[in-house]
2 protein chains.
Amino acid sequence: MAREINGRPVIETSHGPVLTPCAPGSVLARLGDKWTILVISLLSLSPDAPMRFGALRRGIPDISQRMLTLTLRNLERDGLVVRHYYTELPPRVEYELTERGKSMLKPLAGFTDWIRDTWQDIEASRAEFDEKEQGRN
Amino acid sequence: MAREINGRPVIETSHGPVLTPCAPGSVLARLGDKWTILVISLLSLSPDAPMRFGALRRGIPDISQRMLTLTLRNLERDGLVVRHYYTELPPRVEYELTERGKSMLKPLAGFTDWIRDTWQDIEASRAEFDEKEQGRN
DNA sequence: CGGGATCCCGCTGGATACTG
DNA sequence: CAGTATCCAGCGGGATCCCG
């Protein structure tokens, strides 16, 4: 009986379940990186109007130009974002979510909603944990 | 008008929306790290029976002992996992999801389902992107 | 058996300067 | 304006050894 958990195949052995490493991990790793979710969030604010590079840069206070460029490249590579280049002077470049990019907004929101409702509790647990640990040192 | 996207406050300025960096990012960063989701997935397979350290280790083929320990510590710190220590010889240590840990399974599944349904398309986009880029070099 | 302690390599990502 | 190039510090994470 092949089962599956979080999109990942599970093999049952005599020692218990074994997870098979598989490709979706690379998607999650990308989304979990430092800036990707922020860029997607910002782009999702204007679903039908592309955003300029500079507007994205200003919208994410601490992002460097380099990291914004790299993050957008990766999203474009994954087919989640399209890049529109206009050869003007000065040049104008706009970005918007693709259909695929928009299709992830709802599932993503379900998860971030959980985080929004829970992170205070998590922070409290962390503080408590750290305090107890300090007592042992 | 204060808005919010993915649990993150948005300020509207004359230049467009600006995202405020905030604490939930640290939760997402943790979940996006290399092993956390795998550990949670494995623990979720036995919702009412704790799992031993060794069983977790065997269930995630390529994880090192060190990283499993660190990942479990962080989950315990976040109050998502409880650790049960039995002073026997040899010692036995078991882990299980807390109620809070279980509460994230459904939202998480919504998101990983999207990944499961989409990652082949994403991989295809990546291959296509890389191929075009190679033409330019 | 579970898990510290230590060493070390590679990648992520920040700062800065230069270009079409 | 929207990049690219280069340099470099920090940290994630693997390998190994030791300990209750």
Side-chain angles (χ1 to χ4, degrees), chain A residues 15-16 21 25-39 42-43 50-77 81-96 129 132-134 136-137, chain B residues 15-16 21 25-39 42-43 50-78 81-96 129 133-134 136-137:
Chain A
H15 293 291
S26 69
V27 176
L28 234 160
R30 163 99 300 109
L31 265 42
D33 75 7
K34 198 171 178 184
W35 303 108
T36 299
I37 297 289
L38 290 178
V39 171
L42 199 50
L43 283 172
M51 283 186 76
R52 295 194 60 162
F53 184 88
L56 288 166
R57 187 143 158 58
R58 281 189 301 273
I60 306 175
D62 287 336
I63 197 168
S64 66
Q65 191 179 37
R66 171 184 140 89
M67 288 318 295
L68 179 55
T69 302
L70 287 178
T71 304
L72 287 167
R73 276 305 158 279
N74 281 320
L75 287 172
E76 189 191 1
R77 190 170 98 103
V81 157
V82 254
R83 178 175 186 265
H84 304 286
Y85 184 88
Y86 303 93
T87 50
E88 307 168 355
L89 250 80
R92 177 167 53 103
V93 183
E94 296 182 339
Y95 296 87
E96 62 180 330
F129 186 92
K132 282 185 188 168
E133 198 184 44
Q134 199 171 17
R136 279 192 293 277
N137 302 348
Chain B
H15 293 291
S26 69
V27 176
L28 235 160
R30 170 126 330 294
L31 266 41
D33 75 8
K34 199 171 177 184
W35 302 110
T36 300
I37 298 287
L38 289 178
V39 171
L42 200 50
L43 283 172
M51 283 187 76
R52 296 193 60 162
F53 185 88
L56 287 166
R57 187 142 158 57
R58 282 188 302 272
I60 305 174
D62 287 337
I63 197 171
S64 67
Q65 191 179 39
R66 173 185 140 90
M67 288 316 295
L68 180 54
T69 301
L70 287 178
T71 304
L72 286 166
R73 276 305 157 280
N74 280 320
L75 287 172
E76 189 191 2
R77 190 170 98 103
D78 289 356
V81 157
V82 253
R83 177 176 186 265
H84 305 287
Y85 184 89
Y86 302 94
T87 50
E88 309 168 353
L89 249 81
R92 177 166 53 104
V93 183
E94 295 183 340
Y95 296 88
E96 62 180 330
F129 185 92
E133 199 183 43
Q134 200 171 17
R136 279 192 292 278
N137 301 349

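Throughout, a chain's letter reflects where its sequence line sits, starting with A, and its residues are numbered from 1. The structure presented is a predicted model; accordingly, all values stated were derived computationally and were not measured. Heavy atoms only: backbone and side chains are in, while hydrogens, waters and symmetry mates are out.
- Using a 4.0 Å heavy-atom criterion, one finds that A:Tyr86 contacts no nucleic acid atom at all.
- Under the 4.5 Å side-chain criterion, counting only non-hydrogen atoms from C-beta, B:Met67 is in contact with B:Ser64.
- Side chain of B:Arg83 to backbone of B:Glu94: no donor-acceptor contact under 3.5 angstrom is found.
- For A:Thr69, taking side-chain heavy atoms from C-beta onward, the closest of the listed nucleotides D:dA2, D:dT4, C:dC1 is D:dT4.
- Side chains of A:Trp35 and A:Leu75 form no contact here, defined as non-hydrogen atoms less than 4.5 Å apart.
- Considering every non-hydrogen atom in both B:Gly59 and B:Pro61, the closest pair reads O-CD, 3.4 Å.
- Straight-line distance from the CE atom of A:Met51 to the C1' atom of D:dC1: 15 Å, rounded to whole Å.
- The shortest distance between side-chain heavy atoms of B:His84 and B:Val93 does not fall below 4.5 Å.
- Counting heavy atoms from C-beta outward, B:Ile63 and B:Leu38 have side chains that stay 4.5 Å or more apart.
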Does B:Leu56 form a side-chain contact (heavy atoms from CB on, under 4.5 Å) with B:Tyr95? I'd like the steps, not just the answer. CA-CA 9 Å; B:Leu56 287 166; B:Tyr95 296 88; 4.0 Å; yes
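- When atom types are taken as modelled, the side chain of B:Arg57 and the backbone of B:Leu68 share no donor-acceptor pair closer than 3.5 angstrom.
- Within the structure, every side-chain polar atom (N or O) of A:Arg57 is placed at least 4.0 Å from both OP1 and OP2 of D:dG3.
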Look for any protein N or O under 3.5 Å of an N or O in nucleotides 17-20 of chain C and output each such pair with its distance, or none.
none

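- Computed from coordinates, the A:Arg92 CZ to D:dG3 P distance equals 13 Å when rounded to whole Å.
- Residues A:Pro91 and A:Tyr86 are not in side-chain contact: their nearest non-hydrogen atoms beyond the backbone lie 4.5 Å or more apart.
- Contact annotation: B:Arg52 reaches the phosphate of C:dG2 (side-chain N/O to OP1 or OP2, under 4.0 Å).
- The side chain of B:Arg83 contributes an N or O atom lying less than 4.0 Å from OP1 or OP2 of C:dG3.
- Atom CZ in A:Phe53 sits roughly 7 Å away from atom P in D:dA2 (whole-Å rounding).
- Residue B:Tyr85 has no polar side-chain atom (N or O) positioned under 4.0 Å from OP1 or OP2 of D:dG20.
- The side-chain heavy atoms of A:Phe53 and A:Leu72, taken from C-beta on, include a pair separated by under 4.5 Å.
- Look at CG on A:Leu89: it is 12 Å from P on D:dC1, rounded to the nearest Å.
- Between B:Leu72 atom CG and C:dC1 atom C1' the separation is 14 Å, expressed in whole Å.
- Fit an axis to the five pairs at each end of the helix from C:dC1-D:dG20 to C:dG20-D:dC1 and the two axes sit 50° apart, to the nearest 10 degrees.
- At whole-Å resolution of the value, CD in B:Glu94 and P in C:dG3 are 11 Å apart.
- Atom CZ of A:Arg58 and atom C1' of D:dA2 are 12 Å apart (whole Å).
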Please write out the pairs of protein N or O atoms and N or O atoms of nucleotides 13-15 of chain D separated by less than 3.5 Å, giving the distance to one decimal.
| residue | atom | partner | partner atom | Å |
| --- | --- | --- | --- | --- |
| D:dG13 | N7 | B:Arg66 | NH2 | 2.5 |
| D:dG14 | OP1 | B:Lys34 | NZ | 2.7 |
| D:dG14 | OP2 | B:Ser64 | OG | 3.4 |
| D:dG14 | N7 | B:Arg66 | NE | 3.4 |
| D:dG14 | O6 | B:Arg66 | NE | 3.4 |

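- Put simply, the side chain of B:Thr36 gets close to the backbone of B:Arg30: a donor and an acceptor are under 3.5 Å apart.
- A straight line from NE2 of B:His84 to P of C:dG2 spans 14 Å, rounded to a whole angstrom.
- No side-chain heavy atom of A:Val81 sits less than 4.5 Å from a side-chain heavy atom of A:Glu96.
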